[in-house]
Q: 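Below you'll find the structure I mean.
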Amino acid sequence: MDKEMIRTAVEMLLKGIGEDPEREGLKETPDRIARMYEEILGGAGETAAQPLSKTFHTDSAEIVLEKDIVFYSMCEHHMMPFFGKAHVAYIPDGEVVGLSKLARTVEIYARRLQLQERLTAQISDALMAHVKCRGVMVMLEAEHMCMTMRGVRKPGSQTVTIAKRGAFADRQELERTFFAMLGRA
């Protein structure tokens, strides 16, 4: 990430909207925004391979669900935030991954310019690729600031996306179990 380029772009943006980048309240804004982008968009160079590589043997083949994983991301269309909760389930096939690694996987893919649909698929595909499992189901529920602050201005509206892989895609009763575990049966 080129922080100097970001600083320059923010100065130009401030001038473009009629502000003075040299006034007291804005003097350090370009640097703050460059640091912020480094933090909130730092997932672009990361993959889930490393965190998902730490697994443990199990004889269980029952659904593992980590729900209500809070995430924040940036919409690539308007560069505005969207945020919500991820619910990630998988069926182990001889190994399980640490629960924190599921949240870490969500975070890695959320910390980049994103589409919610792509984010849902990336989380699912990462689990299928890096954890020995029979199936994965991921549901994201998010509020998009491009829908609430501008455009149609509908605060509180939620976008829900679902991705199913393996056994979850093949067996509808597993999907019903997923929703029951979320308390939505």
Side-chain angles (χ1 to χ4, degrees), residues 1 6 32-56 62-92 96-131 133 135-166 168 174-185:
M1 191 168 295
I6 294 169
R32 280 191 292 266
I33 291 178
R35 288 191 316 269
M36 175 192 70
Y37 279 156
E38 186 174 54
E39 180 182 340
I40 66 176
L41 298 175
E46 298 181 64
T47 72
Q50 192 277 327
L52 292 177
S53 68
K54 179 68 174 166
T55 60
F56 309 94
E62 302 299 322
I63 296 173
V64 176
L65 169 66
E66 184 70 21
K67 65 180 188 174
D68 297 332
I69 302 168
V70 174
F71 72 90
Y72 301 90
S73 194
M74 294 286 282
C75 170
E76 68 182 35
H77 293 150
H78 298 97
M79 290 184 67
M80 292 187 78
F82 67 96
F83 57 92
K85 293 182 178 178
H87 314 290
V88 180
Y90 72 101
I91 301 170
V96 291
V97 67
L99 296 177
S100 69
K101 306 310 182 203
L102 298 176
R104 180 73 180 123
T105 298
V106 171
E107 183 177 311
I108 285 169
Y109 292 109
R111 290 179 51 226
R112 51 183 77 180
L113 292 177
Q114 259 311 354
L115 297 174
Q116 183 174 334
E117 299 86 344
R118 182 188 314 123
L119 175 58
T120 310
Q122 286 173 329
I123 296 164
S124 300
D125 293 340
L127 282 163
M128 288 300 289
H130 302 294
V131 178
C133 59
V136 172
M137 186 162 172
V138 175
M139 181 169 86
L140 269 55
E141 303 172 289
E143 183 170 341
H144 291 248
M145 297 309 288
C146 60
M147 289 271 299
T148 63
M149 284 183 67
R150 56 155 307 280
V152 296
R153 294 191 179 123
K154 298 297 177 202
S157 62
Q158 295 278 307
T159 300
V160 179
T161 52
I162 295 173
K164 300 181 284 184
R165 306 288 188 266
F168 280 99
L174 292 174
E175 181 178 340
R176 286 191 296 271
T177 301
F178 173 87
F179 286 116
M181 291 172 79
L182 290 178
R184 300 180 187 180

Q: So do the side chains of Phe178 and Leu65 get within less than 4.5 Å of each other, counting heavy atoms only?
A: yes
Q: Under 3.5 Å, side chain of Tyr109 to main-chain N/O of Ala126, donor-acceptor pair present?
A: no
Q: Check whether any side-chain heavy atom of Ile162 lies under 4.5 Å from a side-chain heavy atom of Phe168, and answer yes or no.
A: no
Q: Could you tell me whether the side chain of His87 reaches within less than 4.5 Å of the side chain of Asp68, counting heavy atoms only?
A: yes
Q: Report yes if some heavy atom in the side chain of Leu119 is under 4.5 Å from a heavy atom in the side chain of Thr161; otherwise report no.
A: no
Q: Could you tell me if the side chain of Leu102 sits less than 4.5 Å from the side chain of Ile123, heavy atoms only?
A: no
Q: By ring pair (Phe, Tyr, Trp, His ring centres under 6.0 Å), which residues pair with His144, not counting sequence neighbours?
A: Phe82
Q: For Phe179, does its backbone N or O pair with a side-chain atom of Arg184 as donor and acceptor, under 3.5 Å?
A: no
Q: If you define the side chain from C-beta out and look only at heavy atoms, does anything of Ser53 sit under 4.5 Å from His130?
A: no
Q: Taking the side chain as every heavy atom from C-beta outward, state whether Val152 and Met147 have any atom pair closer than 4.5 Å.
A: yes
Q: Arg118 and side-chain hydrogen bond (donor to acceptor under 3.5 Å, both in side chains): which partner among Gln116, Gln114, Gln122?
A: Gln114
Q: Please report the interatomic distance CG(Leu140) to CD(Glu117), rounded to the nearest 0.5 Å.
A: 10.0 Å
Q: Apply salt bridge (charged side-chain N to carboxylate O under 4.0 Å, His left out) to Glu38 and Arg35, showing your working.
A: CA-CA 5 Å; Glu38 186 174 54; Arg35 288 191 316 269; over 6 Å; no
Q: More than 12 heavy atoms of other residues, nucleotides or ligands under 6.0 Å from CE of Met181: yes or no?
A: yes
Q: Quick test of your reading of the model: are Glu46 and Arg104 salt-bridged, counting only N-O distances below 4.0 Å?
A: yes
Q: Can you tell me if Glu143 uses its side chain to pair, donor with acceptor, with the backbone of Gly156 under 3.5 Å?
A: yes
Q: Taking C-beta and beyond as the side chain, do Val136 and Val131 meet within less than 4.5 Å on heavy atoms?
A: no
Q: From Cys146 SG over to Arg153 CZ, what is the distance, rounded to the nearest 0.5 angstrom?
A: 12.5 Å
Q: Looking at Leu127 and Cys133, what are the two nearest heavy atoms and their distance?
A: O-SG, 3.8 Å
